[in-house]
Amino acid sequence: MSPRPHPLLSFEVDTSGQDTSKHDDFDSEVRKTWYHYLPLCLLLFLMVAPHPSLLIILANHYLFTLNNPIACIVHMLITYTLAFLAFCSLMVCVVRDPGSVYFEASDRDSVDQREDMGLTEALMTMGNADDACSPDKFCRKCWVPKPERAHHCSICGRCVLKMDHHCPWLGGKCVGYRTYPAFVHFLTCITAFSAYVATISISAFWWSFNNPLLVLDQATPIHELLLAAAGVIFTLVIGSFWVYHVYLITTNQTTVEALSPFLLLRYIPPLPASMKLSDPPMEDELSYNQRRVVRDAHRVVRMYDVGWRRNWAQVFGWNKPRGWVYLLIIGGSGNGDGRLFPRNPRSQQMLSQLAARLEKEA
């Protein structure tokens with residue numbers, strides 16, 4: 001029996017997010033080597049390093065010097081609960097796929113039925129294809145369907161659903177639709193842990209500074225000072241990222257969308273052919289005045305802002321059964337499938353005004 005011939009046009013899709021072909025490597029993920037995990041190892045070290053000093057402060061200062069076991073137990077419960085929650089959300093960010101744009105396993109049956117489709121038949125059926133799979137909705141780098149708010153990561157070599165940013169601290173992985181709630185949960189726990197450790201360390205150091213003769217061990221104030229400094233630094237650094245992401249969630253933006261004003265060009269209505277621009281127009285095709293118009297519009301146009309309550313519920317999945325449990329442990333999980341998102345009712349009007357201003361500046 002002769003082997004089955006390879007079809008001219010194959011719709012075979014690997015649901016794992018990796019390319020199964022040995023000949024076409026344009027849509028495969030970049031293979032990670034050991035040095036990609038060095039920032040993650042450093043992050044784990046920074047998360048574990050404060051605990052010896054923390055235990056010394058809790059034991060020597062609160063338990064033996066102040067003879068206050070209740071305060072020691074309360075501080076230990078709070079700090080190690082926050083540390084445990086931070087490790088849980090970090091594990092989710094590292095292990096879970098941020099959001100594959102490939103078809104789900106449930107779509108495999110319909111895909112298998114079309115894998116032997118010829119080239120002519122395939123081209124004839126493209127007119128009836130869904131708008132989400134039209135040619136202009138495909139990534140031009142890895143040639144996979146590119147849903148709404150999905151972006152291609154040049155470092156990972158793949159498209160990610162609702163991509164927020166690429167984070168080297170997570171083992172060189174992207175933060176996307178499926179990991180963003182856990183990422184924000186991680187920032188929240190680390191900020192709270194750092195602030196709490198800084199508070200108890202500063203309080204213990206101030207007491208030791210005012211009562212030097214009652215200090216049980218001369219090395220304890222050094223631990224208190226170093227831990228206080230580290231806690232303040234991490235609270236300011238990580239806390240600033242946390243505040244920024246709180247703003248992004250409230251306005252329903254991703255980091256990519258907030259820092260890339262020309263993404264609005266994907267959504268504007270078609271411009272007159274006399275302007276001789278692509279559809280959608282490219283940034284390098286615009287004049288200086290037109291680029292300034294786009295940047296000004298980016299400050300007010302919020303494509304997916306549907307109100308702060310719905311924005312937060314969309315990210316953390318508050319309306320899911322027992323969603324508060326997931327929210328508390330790992331940050332919850334987003335609503336929907338990460339491919340379609342409700343838009344701001346006023347966005348289309350603002351985009352039409354933007355198109356009119358671009359035409360005026362031509």
Side-chain angles (χ1 to χ4, degrees), residues 39-40 42-51 54 74-96 98-99 162-171 173-202 227-228 230-259 305 307-320 322-335 338:
L40 177 60
L42 178 59
L43 175 60
L44 293 173
F45 171 77
L46 293 175
M47 293 177 64
V48 175
H51 291 280
L54 177 61
V74 170
H75 291 323
M76 186 175 296
L77 286 176
I78 295 176
T79 53
Y80 279 94
T81 298
L82 292 173
F84 172 76
L85 295 177
F87 275 105
C88 288
S89 53
L90 176 62
M91 182 173 61
V92 172
C93 291
V94 173
V95 175
R96 178 180 290 179
K162 196 185 177 185
M163 175 180 171
D164 187 83
H165 66 284
H166 180 87
C167 186
W169 295 96
L170 301 179
K173 296 190 66 174
C174 289
V175 176
Y177 167 74
R178 299 184 69 236
T179 55
Y180 184 70
F183 175 76
V184 177
H185 183 269
F186 175 74
L187 294 182
T188 304
C189 293
I190 290 297
T191 302
F193 175 83
S194 301
Y196 194 85
V197 168
T199 301
I200 62 177
S201 299
I202 291 174
L227 204 56
V232 170
I233 292 174
F234 276 92
T235 300
L236 295 177
V237 174
I238 307 300
S240 62
F241 284 103
W242 177 79
V243 171
Y244 179 64
H245 281 279
V246 167
Y247 160 76
L248 292 180
I249 297 173
T250 305
T251 56
N252 206 335
Q253 299 182 86
T254 64
T255 301
V256 173
E257 294 167 351
L259 300 180
D305 187 0
W308 70 270
R309 289 182 181 272
R310 293 180 61 188
N311 293 340
W312 279 80
Q314 185 183 120
V315 172
F316 292 102
W318 286 350
N319 59 350
K320 292 186 176 181
R322 292 184 294 276
W324 63 272
V325 179
Y326 299 101
L327 182 65
L328 179 64
I329 298 178
I330 62 173
S333 58
N335 291 330

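Just so you know, residue 1 is the first one in the sequence shown, and it goes up from there.
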Worksheet, complete the sentence: For Cys167 and Val175, the nearest pair of non-hydrogen atoms, with its separation, is CB-CG2, 4.2 Å

Worksheet item: Who pairs with Pro181 by side-chain contact (heavy atoms from CB on, under 4.5 Å), at least two apart in sequence or on another chain?
Response: Val315, Phe316

Fill in: Close side-chain approach of Arg178 to Pro98, heavy-atom, < 4.5 Å
no

Worksheet, complete the sentence: Taken to the nearest 0.5 Å, the spacing of Leu227 CG from Ile202 CD1 works out to 10.0 Å

Discussion item. Looking at every non-hydrogen atom in both residues, tell me the closest pair between Thr191 and Leu187 and how far apart they are.
Written reply: OG1-O, 2.7 Å

Discussion item. Just verifying a value: how many Å separate Leu44 CG and Leu90 CG, rounded to the nearest 0.5 Å?
Written reply: 6.0 Å

Practice prompt. Please examine the side chains of Trp312 and Val246, heavy atoms only from C-beta on, and report whether any two atoms are closer than 4.5 Å.
Written response: yes

Worksheet item: Does the side chain of Asp164 come under 3.5 Å of the side chain of Thr254 through a donor N or O and an acceptor N or O?
Response: no

Discussion item. Can you list everything that forms a ring pair (Phe, Tyr, Trp, His ring centres under 6.0 Å) with Trp308? Sequence neighbours excluded, please.
Written reply: none

Item to complete: Test Val197 against Phe234 for side chain to side chain contact (heavy atoms under 4.5 Å, CB included), laying out the working first.
Response: CA-CA 10 Å; Val197 168; Phe234 276 92; over 6 Å; no

Worksheet item: Shortest non-hydrogen contact from Pro168 to Pro39?
Response: O-CB, 3.3 Å

Worksheet item: For Lys173 and Cys93, which heavy atoms make the closest approach, and how far apart are they?
Response: NZ-O, 4.0 Å

Practice prompt. Please round to the nearest 0.5 Å and tell me the distance separating atom CE of Met47 and atom OG of Ser194.
Written response: 9.5 Å

Practice prompt. Could you pull out the closest heavy-atom pair between Ala86 and Phe186, with the gap in Å?
Written response: O-CD1, 3.3 Å

Practice prompt. Could you tell me how the ring of His245 sits relative to the ring of Phe183: parallel (under 30°), tilted (30 to 60°) or perpendicular (over 60°)?
Written response: perpendicular

Worksheet item: Which distance, rounded to the nearest 0.5 Å, do you find between the CZ of Phe84 and the CG of Leu77?
Response: 13.5 Å

Item to complete: For Tyr80, look at atom OH and say whether over 12 heavy atoms of other residues, nucleotides or ligands are found less than 6.0 Å away.
Response: yes

Discussion item. Working to the nearest 0.5 angstrom, can you tell me the gap between Leu248 CG and Asn311 CG?
Written reply: 11.0 Å

Practice prompt. With sequence neighbours left out, write down each residue that passes side-chain contact (heavy atoms from CB on, under 4.5 Å) with Val74, or none if nothing qualifies.
Written response: Ile70, Ile78

Fill in: Partners passing side-chain contact (heavy atoms from CB on, under 4.5 Å) against Arg310 (at least two apart in sequence or in another chain)
Val306, Pro342

Worksheet item: What is the distance from atom CD1 of Ile190 to atom CG of Leu85, rounded to the nearest 0.5 Å?
Response: 10.5 Å

Worksheet item: For the residue pair Cys189 and Leu82, what are the closest heavy atoms and their distance?
Response: CB-O, 3.9 Å

Worksheet item: Going through the distances and angles, do Val48 and Phe87 end up as a side chain to side chain contact (heavy atoms under 4.5 Å, CB included)?
Response: CA-CA 10 Å; Val48 175; Phe87 275 105; 4.0 Å; yes

Fill in: Under the side chain to side chain donor-acceptor pair (under 3.5 Å) test, residues paired with His75 that sit two or more places apart
Tyr196

Worksheet item: Which pairs count as salt bridge (Lys or Arg N to Asp or Glu O under 4.0 Å) when at least one residue sits in residues 237-258, sequence neighbours excluded?
Response: Arg149-Glu257

Worksheet entry | From CA spacing to verdict: side chain to side chain contact (heavy atoms under 4.5 Å, CB included), Thr255, Tyr244 | CA-CA 9 Å; Thr255 301; Tyr244 179 64; 4.2 Å; yes

